[in-house]
Amino acid sequence: MPPQLRLTFDETWSYSSDNFIIHRGVTDAIDCAITKATEGDGSIVFISGQRRTGKTHLAVYVAAMLVALGHGVDVVQGMGVDAWQQNTGNKQGVQSLVIDDAHTWLEGQFGEGLFLAISQRIAETNGVLVVISAKPLWQLQINPIIERCLADSEQTEMAAPSPEELPVIIDTMSLQRGLKFSRAKRDFILKKVETTIAGLSDALERIQKTGEHSRASTSFKVLELALR
């Protein structure tokens with residue numbers, strides 16, 4: 001288990017490494033980042049994932065794993081990379097960097113200079129640059145030099161959990177929200193919703209909202225109203 005790491009990117013985004021849900025759809029991404037960090041050759045790892053697959057939470061979890069390996073790590077959102085480089089890019093002790101929402105930075109107009117400077121810094125510290133994007137590499141409209149660098153990187157994609165993992169995942173997500181369902185109610189929910197992390201999260205939020213003023217906040221009636 002990695003050390004707990006909690007990061008708040010703005011007033012509303014707070015993520016903790018201690019409650020990240022690991023499933024088959026993210027294990028390749030985690031393993032790839034940790035393997036490259038262990039090799040210590042300044043590698044770039046490019047991770048793509050669709051909307052609300054847990055990319056930001058993954059960024060925090062991977063950072064915690066890197067800390068557990070003894071790396072000095074910074075986590076930054078894509079639009080904040082320029083400021084990070086200007087303010088802390090030369091800070092001692094930063095060995096690895098995790099960039100969330102990296103597509104917003106990569107498709108910007110900064111040119112290849114900043115990207116190459118950051119990549120060189122990571123190489124010099126024997127760290128790893130983890131680039132997490134909402135778009136796969138082939139969809140990005142980016143500088144050709146940067147594209148070639150990323151094409152040579154380790155690439156992996158976040159995916160949905162497997163069907164057999166869903167019961168445990170929904171139980172975990174429910175408990176994190178102060179909810180607890182019987183097996184029958186859990187199965188009822190799984191039949192009604194999109195069985196992705198985003199779909200389950202949306203469903204639980206609707207159930208919470210619908211059951212706010214009900215004593216039986218997880219009754220079948222509440223579930224039916226929330227998920228219809």
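Note that this is a predicted model, so its numbers are computed, not measured.
Between F115 and I145 there is no side-chain heavy-atom pair separated by less than 4.5 Å. Taking 4.5 Å as the limit, every side-chain heavy atom of V193 sits out of range of all side-chain heavy atoms of D202. Within the 4.5 Å cutoff, side-chain heavy atoms of I207 are placed close to those of L227. Proximity of L97 to W84: side-chain heavy atoms (C-beta onward) are separated by under 4.5 Å at one or more points. Side-chain contact between T196 and T53: absent, with no pair of heavy atoms (C-beta onward) separated by less than 4.5 Å. The shortest side-chain heavy-atom distance between S133 and L140 falls under the 4.5 Å cut-off. Contact check for Q176 versus T172: side-chain heavy atoms found under the 4.5 Å cut-off. In this structure, L150 and I142 have side chains that are in contact, with non-hydrogen atoms separated by less than 4.5 Å.
Between atom CD of residue E224 and atom OG1 of residue T210 there is a gap of 12.0 Å, rounded to the nearest 0.5 Å. With rounding to the nearest 0.5 Å, the separation of CZ in R206 from CZ in R228 is 11.5 Å. We find the CD1-CE distance between I197 and M173 to be 5.5 Å, quoted to the nearest 0.5 Å. Interatomic distance, CD of Q120 versus CD1 of I118, reported as 12.0 Å (0.5 Å rounding). Atom CG of L58 and atom CD1 of I21 lie 13.0 Å apart (nearest 0.5 Å). The distance from the CE atom of M65 to the OG1 atom of T38 is 9.0 Å, given to the nearest 0.5 Å.
One hydrophobic cluster, built from ILVMFWY side chains closer than 4.5 Å, holds both F220 and I170. In the hydrophobic clustering of ILVMFWY residues, with side-chain heavy atoms under 4.5 Å counting as a link, V168 and L166 come out apart. In this structure, F46 is a member of the same hydrophobic cluster as L116, with clusters built from ILVMFWY side-chain heavy atoms closer than 4.5 Å.
Side-chain atoms of H103 come within 3.5 Å of backbone atoms of A134 as a donor-acceptor pair (strictly under, hydrogens ignored). At least one donor-acceptor pair closer than 3.5 Å links the side chain of E107 to the backbone N or O of Q141. With hydrogens and angles disregarded, a donor-acceptor distance shorter than 3.5 Å links the side chain of R121 to the backbone of V94.
The minimum heavy-atom distance linking F181 with S174 is given by the pair CE1-OG, 3.2 Å. Listed here is the closest heavy atom pair of Q95 and G70: OE1-O, 4.2 Å. Closest heavy-atom contact between I122 and L129: CG2-N, 3.7 Å. Taking both residues in full, the closest heavy atoms of G78 and I99 are given as CA-CG2, 4.0 Å, listed atom of the first, atom of the second, then distance. For G127 against S96, the heavy-atom pair with the smallest separation is CA-OG, 3.4 Å. Nearest heavy-atom pair across K185 and S219 is NZ-CA, 4.0 Å.
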Donor-acceptor pairs under 3.5 angstrom involving side-chain atoms of residues 22-35: please list them, not counting sequence neighbours.
from: H23; atom 1: ND1; to: G25; atom 2: N; distance (Å): 2.9
from: R24; atom 1: NH1; to: E164; atom 2: OE2; distance (Å): 2.9
from: R24; atom 1: NH2; to: E164; atom 2: OE2; distance (Å): 3.2
from: T27; atom 1: OG1; to: R24; atom 2: O; distance (Å): 3.2
from: T35; atom 1: OG1; to: D31; atom 2: O; distance (Å): 2.7

Checking S119 against I44 for the side chain to side chain contact (heavy atoms under 4.5 Å, CB included) test, could you report, in this order, the C-alpha distance in whole Å, the side-chain angles of both residues, the deciding distance, and whether it holds? CA-CA 8 Å; S119 301; I44 300 173; 3.8 Å; yes
Passes side chain to side chain contact (heavy atoms under 4.5 Å, CB included), Q77 versus T104? Steps please. CA-CA 9 Å; Q77 283 186 281; T104 61; over 6 Å; no
Step-by-step side chain to side chain contact (heavy atoms under 4.5 Å, CB included) determination, L114 to W105: CA-CA 11 Å; L114 180 57; W105 175 58; 3.8 Å; yes
Could you go step by step and tell me if L200 and L190 meet the side chain to side chain contact (heavy atoms under 4.5 Å, CB included) rule? CA-CA 8 Å; L200 294 175; L190 290 174; 3.8 Å; yes
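Checked options V98, V45, V75, D101; the residue passing with I132 is V98 (criterion: side chain to side chain contact (heavy atoms under 4.5 Å, CB included)).
With sequence neighbours left out, the salt bridge (charged side-chain N to carboxylate O under 4.0 Å, His left out) criterion links E154 to K36. Residues forming a side-chain contact (heavy atoms from CB on, under 4.5 Å) with H57 (at least two apart in sequence, or on another chain): Y15, N19, F20.
Other residues, nucleotides and ligands place no more than 12 heavy atoms under 6.0 Å from the CD atom of Q50.
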